[in-house]
Number of protein chains: 2
Amino acid sequence: MPRSSAVYKESYNRCLEAIAEIGTGGNLPPETEIAETWGISRTTVRAVLKRLSKTGIIDWEGRRKAILRLPHSEDFFTSEETITTAEKVETAFMELILGGDLAPGTILRESELARSFGTSPSAVREFLIRFSRFGLIEKEPNRHWVLRGFTRSFAEELFDVRELFEQRAFDQMLERGPEDRTWKALVALQAEFERISADIENRYMEFPRMDEAFHKLLFEQLQNRFVEDFFGVVTMVFHYHYRWRKSGELTRNRLATREHLEIIAALREGDRQKARDAFARHLQSARTSLLESVHWEEEG
Amino acid sequence: MPRSSAVYKESYNRCLEAIAEIGTGGNLPPETEIAETWGISRTTVRAVLKRLSKTGIIDWEGRRKAILRLPHSEDFFTSEETITTAEKVETAFMELILGGDLAPGTILRESELARSFGTSPSAVREFLIRFSRFGLIEKEPNRHWVLRGFTRSFAEELFDVRELFEQRAFDQMLERGPEDRTWKALVALQAEFERISADIENRYMEFPRMDEAFHKLLFEQLQNRFVEDFFGVVTMVFHYHYRWRKSGELTRNRLATREHLEIIAALREGDRQKARDAFARHLQSARTSLLESVHWEEEG
DNA sequence: TTTCTGCTTTTATTCGAGAAAGGACATTGA
DNA sequence: TCAATGTCCTTTCTCGAATAAAAGCAGAAA
């Protein structure tokens, strides 16, 4: 089997949506424009148009791409069909290590994973090389991979670096004062946090997204590719954290939302010491929360 | 072509050396022991023994592995034969981007690189995925890789993070006092630095190795896998730095050697403030030195 | 019994092939 | 005249195959 034609199928779906917007009797824009809009090649656009023509949704000849009928739900490719092999491997692997309750030291075999994911060994191999960046797995050359695991030391090391970066970013922002881009951006998040806070019982699930936005701003403050890279690791881990620790979620998110609002309030008042303290408190409670979710104590 | 049998050839060479040590009339240890000593499998050991037997170097039957003659230089595999494809790709790629004087934004094609390296596209692909960790290249999905390049901003961002980590490590060490493992280890490097310093005109080439050892100790102080990972990036860059900036090398290394000795002297005296100042000065001059070696100003 | 060996099975590394997606260029038509 | 199309070639993504290397198991030797 060759590559999955996910780009083609995804583009086809998007095109169907565009057609629904334009409506019957309308005309699709030039190939070049479609390609540019979605960041794909004209080759793929033409493949999509060909199929649209064959299924009788458009009448395509030369520059004429007249819409004959609106698409119905059966015309669309399913979401399973529009994912690439690489995405499939990633999803399957994350499911495995996040839900699998695997002990640190567990041996991961490329061939075994490939069989269970229903992909080729090479696809798994490439994914593992990419994923090794996160420090959760290690390769024994000419042998297998070993899961280092989401252990206490992993969480602590992660948080130590995170704190170092964020603290530095926060201080830099405070030094630059209220005209700083990040300062303003953080303050601008107030409304969203308040909306969540006001109806926390129903909207606590919206917090993780906001938390990520808040901290992303800080990581970007330093304008450093290594810092931003590291934010990718943090994001991955917190995604896991939020996803697998459902008990007490409301309480935790309520606390964290309040902490964010306190930081923002201090910034609005222009009280730097207060802001610094509030931020330090927030990092501390985030650390505690993360460490509580660790279920493996020691490295394998 | 399958895998390169580099392990086999490398092991064969090592076995020849061991045979020369033992001498004619001696006997090689059990397969298990040989395998364990070099961290390879018994399968490979047996392949090596088979060849040793066929070339008449040993008489092998069951447990008897009697040495018949000493190996001569023609018996050894050449160093070209004992490297894996992965190593070959790595070397070739580093040569290209370090010596190639490529502008930031240069497009790197897997197939093109594969042709010029004489390996398969997959080998190149895997290497690039691994190498992308260093922040010097980026992938445009379904397209090519783009060289971000060794630019001023790359060097500055690298050094900012390095400084953050090393400064923290140094402070932690100072807090813990003269009994700290790193403190003692740094002081222990004095003799080596003095030996270089005493004959700097002839031994300045030995400095990079010592510099790396010095800073490695600091990076390890924090006992953090993310920090240690980052040290890998720093090492790679400084390897480049030392390798391609030959002019003024003596002057730079003389200065840096002196700086290291100043830090160590302050530690021996137990004067923390002096040590902190000396260390800050050293980082500053290292930064200047690195930035001077950047030949590309802007990102592409 | 405990090593160590001989043989067999499984896994990792590397390559090459085939289809999808990208890109270049000549040609068409408003 | 120039944007848009038709055509063709190149590159990437994914798989499968072949051999090196690892790993397991039964039996022989000490």
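First the proteins, then the strands, lettered A, B, ... as listed; each starts at 1.
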- Pair listing, salt bridge (Lys or Arg N to Asp or Glu O under 4.0 Å) test, anchored in residues 72-81 of chain A, at least two apart: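 Sorted result for residues 72-81 of chain A: A:Arg69-A:Asp75.
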- Residues pairing under side-chain hydrogen bond (donor to acceptor under 3.5 Å, both in side chains) where one sits in residues 14-27 of chain B, two or more places apart or in two chains, turn out to be none
- Task: Any pair with a residue in residues 111-122 of chain A that passes side-chain hydrogen bond (donor to acceptor under 3.5 Å, both in side chains), sequence neighbours left out, goes on the list, sorted by first then second residue, please.
- Result: none
- Can you name the salt bridge (Lys or Arg N to Asp or Glu O under 4.0 Å) partners of B:Glu156, sequence neighbours left out?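 With sequence neighbours excluded, B:Glu156 shows a salt bridge (Lys or Arg N to Asp or Glu O under 4.0 Å) to B:Arg152, given in chain and number order.
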- Message: If the condition is salt bridge (Lys or Arg N to Asp or Glu O under 4.0 Å), which residues does A:Arg46 pass it with, not counting sequence neighbours?
- Response: A:Glu31
May I ask you to say what [X] touches in the nucleic acid, namely base, sugar-phosphate or nothing, with a heavy-atom cut-off under 4.0 Å?
X: B:Ser122; value: base
X: B:Lys88; value: nothing
X: A:Ala86; value: sugar-phosphate
X: B:Trp60; value: sugar-phosphate

Distance, rounded to the nearest Å, where [X] contributes [atom1] and [N] contributes [atom2]:
X: A:Glu90; N: D:dT14; atom1: CD; atom2: P; result: 12 Å
X: A:Arg115; N: D:dC15; atom1: CZ; atom2: C1'; result: 16 Å
X: B:Trp145; N: D:dT12; atom1: CH2; atom2: P; result: 11 Å
X: B:Asn27; N: C:dT5; atom1: CG; atom2: C1'; result: 14 Å
X: B:Lys139; N: D:dT11; atom1: NZ; atom2: P; result: 13 Å
X: B:Ile83; N: C:dT14; atom1: CD1; atom2: P; result: 11 Å
X: B:Arg125; N: C:dC15; atom1: CZ; atom2: C1'; result: 15 Å
X: A:Glu31; N: C:dG23; atom1: CD; atom2: C1'; result: 14 Å

- Message: On the nucleotide D:dT12, are OP1 or OP2 found under 4.0 Å from the side-chain N or O atoms that B:Ser111 carries?
- Response: yes
- Message: Taking only side-chain N and O atoms of A:Lys65, does any of them lie within less than 4.0 angstrom of OP1 or OP2 on D:dT5?
- Response: yes
- Query: Given C:dT5, C:dT14, D:dC15, which nucleotide is nearest the side-chain atoms of A:Ser120?
  - Reply: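 Minimum distance to the A:Ser120 side chain belongs to D:dC15.
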- Message: Could you check whether atom NZ of B:Lys139 has more than 12 heavy atoms from other residues, nucleotides or ligands sitting under 6.0 Å from it?
- Response: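 It does: B:Lys139 NZ has more than 12 such atoms within range.
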- Task: Report, as yes or no, whether the 6.0 Å neighbourhood of atom CD on A:Glu87 holds more than 12 heavy atoms from other residues, nucleotides or ligands.
- Result: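 Atom CD in A:Glu87 is packed in, count exceeds 12.
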- For each nucleotide in nucleotides 20-30 of chain D, reading 5' to 3', give B when a protein heavy atom comes within less than 4.0 Å of its base, S when such contact involves only the sugar-phosphate, and - otherwise. BSBBB---BB-
